[in-house]
Number of protein chains: 2
Amino acid sequence: MARTADPRAKIELLRSAEAVFAQKGLTAARIEEITKRAGLSKGAFYLHFESKEAIFRQVVESFLARCRACMLSPDEVENLPGDPAEVVQFCHARDVEVYEFLWQNRAILAILQACEGEHVYLMRAFRDEMTSNCRMWIELWKKKGLFRDDVSSDVAAALLSGAYHELAGKMISAPKRPPIDEWLRQALSVFVDGLGTPTLSHAIARFQNRLRVSKGIG
Amino acid sequence: MARTADPRAKIELLRSAEAVFAQKGLTAARIEEITKRAGLSKGAFYLHFESKEAIFRQVVESFLARCRACMLSPDEVENLPGDPAEVVQFCHARDVEVYEFLWQNRAILAILQACEGEHVYLMRAFRDEMTSNCRMWIELWKKKGLFRDDVSSDVAAALLSGAYHELAGKMISAPKRPPIDEWLRQALSVFVDGLGTPTLSHAIARFQNRLRVSKGIG
DNA sequence: CCCTTTACTGACTCGCGGGTCATAATAGGA
DNA sequence: TCCTATTATGACCCGCGAGTCAGTAAAGGG
């Protein structure tokens with residue numbers, strides 16, 4: 001009867017690969033380093049993965065799929081809020097949820113930031129996903145009369161996704177978890193004032209007052 | 001008497017290197033390809049540059065120096081505007097000038113976007129320069145009572161630099177020159193509304209009306 | 001023209017690291 | 001315990017590309 005594979009081997013390899021790719025990037029990461037870290041041989045690596053590129057793709061693509069699942073688009077959300085005050089709360093809660101996910105996966109995010117050459121499509125895919133998601137939400141809020149019409153959805157999406165992406169970068173480069181809730185509250189305030197109609201701007205002002213009271217901040 | 005060097009050899013090598021790095025990134029770019037493109041031999045390359053990394057650094061660092069010179073900080077500008085209307089005009093003009101420079105150097109910007117491994121410091125330097133520059137301007141406008149106090153300068157700087165960086169990325173990935181003036185006008189409008197005090201917001205509204213009239217846009 | 005010094009050439013060297021494969025080890029069933 | 005099929009090992013292979021260097025070319029002066 002055949003010897004059975006160690007059920008933990010593949011998982012250890014994936015974990016080690018993630019860590020080494022995050023630290024070194026794809027090019028400088030070596031199979032030797034990954035396998036040593038996982039406590040396995042180089043030969044064993046090729047029993048589980050076809051190539052260096054194959055494991056790289058698996059690490060990153062599974063993250064992108066989970067990321068995709070986390071960033072819902074408007075037609076994937078049930079019971080969309082209508083009231084401006086609820087819209088503001090909804091957006092903040094969603095931002096916090098996405099950034100919690102990104103914080104938990106900050107190693108892979110660091111990998112993505114450093115994709116080069118033929119793998120730059122992965123980084124591009126991630127950023128395009130963010131931009132596209134932003135654009136869909138922007139168009140919904142425009143349709144509901146909550147966002148201004150004179151800024152094109154493309155430009156607005158680029159500004160939003162660029163800004164939030166930079167916040168993500170700032171978050172993952174911090175030595176320990178920063179006050180991301182507060183960052184997101186401020187960011188939301190800036191963009192609601194910048195892109196929102198007066199109705200929505202009033203709602204953000206009230207939302208912030210409520211947050212301050214609940215945190216005991218004068 | 002010694003043979004003199006071809007004065008154009010080094011320049012051709014730098015030009016070719018820039019093009020190949022922009023297309024392939026540092027890792028996949030080969031000396032053979034750079035020299036063939038420049039019409040020289042591999043051996044000649046090493047008469048002018050110590051290594052592949054040396055020429056890479058020269059290409060990128062000279063761009064960063066020129067970039068630094070283009071993005072003036074507040075203490076480098078004479079006759080700073082005081083009137084809100086003039087502030088808005090000044091900021092727009094400066095944005096346009098910086099983005100014209102970035103458009104002219106879009107190949108090197110593409111190189112920077114793909115820095116990996118031990119060269120990621122170059123990309124980091126570029127982005128930190130942008131963020132730091134934003135922060136200085138933000139703090140000036142805050143001091144003049146034109147920007148709101150409740151958004152921290154760090155967060156505001158991250159949002160601004162991230163957003164403008166994404167606009168730069170969107171610009172350089174366009175097949176031909178996009179309407180960057182219009183993009184920058186919209187971006188400025190969003191951020192003045194998002195970060196500015198009412199005084200400044202009124203100024204942006206008037207600035208936009210004036211722009212529309214001068215362009216014949218209803 | 002010859003001489004000298006340097007630029008230039010391109011075949012070659014050599015180290016690196018992804019991937020291979022002969023051999024050893026082991027899990028599970030009889 | 002033995003047998004079988006598979007896992008696992010790590011020395012080795014081999015292609016790639018940065019960099020080298022013996023030989024050639026050429027600029028400029030005498």
Side-chain angles (χ1 to χ4, degrees), chain A residues 1-61 111 114-120 122, chain B residues 1-61 111 114-120 122:
Chain A
M1 195 54 164
R3 173 180 181 174
T4 56
D6 180 355
R8 305 191 66 249
K10 190 166 183 178
I11 293 170
E12 285 300 322
L13 285 168
L14 282 165
R15 276 196 177 141
S16 298
E18 181 183 311
V20 177
F21 288 141
Q23 189 188 357
K24 300 281 181 71
L26 172 64
T27 304
R30 288 179 303 114
I31 301 293
E32 184 97 41
E33 191 175 357
I34 292 167
T35 53
K36 179 160 294 185
R37 193 183 174 109
L40 290 166
S41 67
K42 261 181 93 177
F45 176 88
Y46 291 95
L47 291 176
H48 297 275
F49 299 97
E50 190 185 323
S51 64
K52 184 178 173 186
E53 173 169 323
I55 193 171
F56 180 78
R57 248 193 282 113
Q58 186 167 332
V59 167
V60 173
E61 285 176 355
I111 297 174
C115 279
E116 187 188 44
E118 60 173 288
H119 295 103
V120 80
L122 293 168
Chain B
M1 191 59 157
R3 171 180 179 176
T4 56
D6 180 354
R8 304 192 65 251
K10 189 165 183 179
I11 294 169
E12 285 300 321
L13 286 169
L14 281 164
R15 276 198 179 140
S16 297
E18 182 183 310
V20 177
F21 288 140
Q23 191 188 356
K24 298 281 180 71
L26 172 64
T27 304
R30 290 178 301 114
I31 302 292
E32 184 95 40
E33 191 176 354
I34 290 168
T35 55
K36 179 161 294 189
R37 192 184 174 110
L40 290 165
S41 67
K42 262 182 92 177
F45 177 89
Y46 292 95
L47 291 175
H48 297 275
F49 299 98
E50 190 185 322
S51 62
K52 183 177 170 185
E53 172 170 324
I55 193 172
F56 179 78
R57 247 192 284 111
Q58 188 169 328
V59 168
V60 173
E61 285 175 355
I111 296 174
C115 280
E116 186 189 45
E118 62 176 286
H119 295 103
V120 80
L122 292 168

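So that the names make sense, note that chain A is the first sequence line, chain B the second, and so on, each numbered from 1.
For B:Ala54, the side chain to side chain contact (heavy atoms under 4.5 Å, CB included) criterion is met by B:Glu50, B:Ser51, not counting sequence neighbours. The ring-ring contact (aromatic ring centres under 6.0 Å, His included) search around B:Phe56 returns B:Phe21, B:His119, not counting sequence neighbours. Checked against side chain to side chain contact (heavy atoms under 4.5 Å, CB included), B:Arg57 has the following partners two or more places apart in sequence or in another chain: B:Glu53, B:Glu61, B:Tyr121. The side-chain hydrogen bond (donor to acceptor under 3.5 Å, both in side chains) search around A:Glu12 returns A:Arg8, not counting sequence neighbours. With sequence neighbours excluded, no residue forms a side-chain hydrogen bond (donor to acceptor under 3.5 Å, both in side chains) with A:Gln23.
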Sequence neighbours left out, cut at 3.5 Å: what donor-acceptor pairs do the side chains of residues 34-42 of chain B make with other protein atoms?
| from | atom 1 | to | atom 2 | distance (Å) |
| --- | --- | --- | --- | --- |
| B:Thr35 | OG1 | B:Ile31 | O | 3.0 |
| B:Thr35 | OG1 | B:Glu32 | O | 3.1 |
| B:Ser41 | OG | B:Ala44 | N | 3.1 |

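Within the structure, no pair that satisfies the ring-ring contact (aromatic ring centres under 6.0 Å, His included) test touches residues 22-44 of chain A, not counting sequence neighbours.
The residue A:Ala54 sits apart from the nucleic acid: no heavy atom pair falls under 4.0 Å.
When rounded to the nearest whole Å, the span between CG of B:Leu40 and C1' of C:dT9 equals 10 Å. Remark: C1' of C:dA7 and NE2 of B:His48 are 7 Å apart, rounded to the nearest angstrom.
Proximity of residues 10-23 of chain B to DNA chain C (heavy atom under 4.0 angstrom from any strand atom) is not detected for any residue.
The span of DNA chain D lying next to chain A, judged by atoms under 4.0 Å from heavy atoms, is bounded 5' to 3' by D:dT4 to D:dG10.
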Under 3.5 Å, N/O pairs linking protein and nucleotides 19-25 of chain C:
| from | atom 1 | to | atom 2 | distance (Å) |
| --- | --- | --- | --- | --- |
| C:dG19 | OP2 | A:Tyr46 | OH | 3.2 |
| C:dG19 | OP2 | A:Lys52 | N | 2.9 |
| C:dG19 | N7 | A:Lys42 | NZ | 3.2 |
| C:dG19 | O6 | A:Lys42 | NZ | 2.7 |

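Checked against C:dG17, C:dC8, C:dT5, the side chain of A:Arg30 finds its nearest nucleotide in C:dG17.
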